[in-house]
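Worksheet: one structure, shown below.
In this text, all values refer to a predicted model and were calculated from it rather than measured experimentally. Remember, it's 1-based here, ligands and their atoms both numbered in the order they're listed.
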Amino acid sequence: MIVHQILVGGMQNFTYVIADEKTRKGIVLDPSWDLDRVTDAIRKDNIEIELIVNTHHHYDHTIGNEEMAKTLGVPIAQHVDSELEHDRELRDGDTVEFGESSLKVLHTPGHSVDGISLLGDSKVFTGDTLFIRSCGRVDFPGGSASVLYRSLKEVFGKLDDNVVVYPGHDYASDPTTTLGQERKTNPYLMAGSLEEFTALIGG
Ligand SMILES: [Zn+2]
């Protein structure tokens with residue numbers, strides 16, 4: 001799987017171009033700012049984008065949707081609980097396919113009700129659910145510490161140590177990490193109880 005991790009805008013957001021190596025079909029994940037750099041990456045690898053996917057509805061992950069959809073002529077897919085307009089609804093367990101590659105949709109609410117992560121090829125794209133040595137805020141509308149705790153424990157808890165984490169923001173010294181590394185260093189993943197987690201996250 002080809003992954004372009006593109007740092008965009010003034011809030012350290014990552015937009016991803018993810019494509020099937022053989023067929024060059026792919027998706028754009030979370031287009032927001034600096035769309036010319038995203039289209040440069042698409043062109044450079046001769047990728048045919050088939051779909052825009054958003055990890056959640058927050059504007060810093062979606063503000064480029066309309067322009068990108070128009071430029072590329074592709075539909076937009078979001079979790080069924082997203083309050084924004086979208087063409088395709090995604091639910092937990094669904095598969096996003098492009099060429100001979102696919103990513104599984106994992107519903108990971110807590111930062112927002114419509115938060116999803118995408119898993120495939122030993123990679124997980126976590127949006128604002130899990131960051132390197134950190135996790136998403138829960139003080140926006142729809143945020144919930146207990147729901148986020150459950151997503152981190154029950155969804156990411158089941159994934160292998162070698163799965164590479166691609167977060168929605170560049171908030172750490174490294175742009176990616178592994179779940180095994182996070183289990184040893186991320187205090188939010190290491191929290192042993194909801195009480196401990198809530199004390200850490202403050203909400
Ligand atoms: Zn967000």
Side-chain angles (χ1 to χ4, degrees), residues 3-18 27-35 37-38 51-69 76-86 88-92 94 96 103 105-119 123-156 164-172 174-177 179 182 186-189 191 197-198 200-203:
V3 177
H4 286 276
Q5 183 185 51
I6 305 162
L7 184 61
V8 300
M11 295 166 70
Q12 293 146 292
N13 281 78
F14 282 130
T15 294
Y16 292 94
V17 173
I18 308 162
I27 65 169
V28 176
L29 186 65
D30 288 355
S32 53
W33 297 285
D34 300 327
L35 298 180
R37 293 184 38 236
V38 178
L51 187 69
I52 291 166
V53 182
N54 301 117
T55 57
H56 62 301
H57 72 281
H58 289 162
Y59 79 98
D60 57 321
H61 298 259
T62 55
I63 200 165
N65 272 1
E66 212 174 300
E67 193 182 332
M68 191 102 271
I76 296 164
Q78 297 174 344
H79 187 262
V80 59
D81 292 338
S82 167
E83 61 194 54
L84 302 182
E85 260 189 62
H86 48 274
R88 180 175 161 195
E89 290 187 341
L90 298 175
R91 291 177 171 79
D92 187 60
D94 281 356
V96 173
L103 291 167
V105 175
L106 309 173
H107 188 210
T108 50
H111 170 71
S112 69
V113 291
D114 66 323
I116 57 167
S117 299
L118 295 170
L119 174 71
K123 299 171 176 62
V124 66
F125 299 86
T126 59
D128 286 1
T129 301
L130 177 66
F131 298 127
I132 298 176
R133 291 182 284 283
S134 182
C135 70
R137 296 165 56 168
V138 294
D139 56 345
F140 294 125
S144 161
S146 61
V147 173
L148 184 59
Y149 179 72
R150 205 185 315 135
S151 290
L152 293 176
K153 284 279 162 189
E154 291 180 8
V155 181
F156 296 118
V164 179
V165 176
Y166 291 87
H169 287 268
D170 186 24
Y171 285 160
D174 309 315
T176 63
T177 182
L179 269 176
E182 287 309 293
N186 188 325
Y188 298 92
L189 277 189
F197 180 77
T198 306
L200 265 178
I201 204 161

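In this structure the side chain of Phe197 never reaches within 4.5 angstrom of the side chain of Ser146, judged on heavy atoms.
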Practice item. Show your working on side chain to side chain contact (heavy atoms under 4.5 Å, CB included) between Arg133 and Glu182 and close with a plain yes or no. Key: CA-CA 6 Å; Arg133 291 182 284 283; Glu182 287 309 293; 4.3 Å; yes

Review point. Side chain to side chain contact (heavy atoms under 4.5 Å, CB included) between Ser117 and Thr55: does it pass, once the steps are laid out?
Key: CA-CA 6 Å; Ser117 299; Thr55 57; over 6 Å; no

**Study point:** Criterion side chain to side chain contact (heavy atoms under 4.5 Å, CB included) on Ile27 and Leu103, from CA distance to verdict
**Key:** CA-CA 10 Å; Ile27 65 169; Leu103 291 167; 4.1 Å; yes

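When ring centroids are compared, His58 and His111 come within the 6.0 Å threshold. Aromatic rings from Tyr166 and Phe14 are positioned such that their centres are separated by 6.0 Å or more.
Taking a cut-off of 2.8 Å, the protein N, O or S atoms nearer than that to the Zn ion (ligand 1) are His56 NE2, His58 ND1, His111 NE2, Asp128 OD2.
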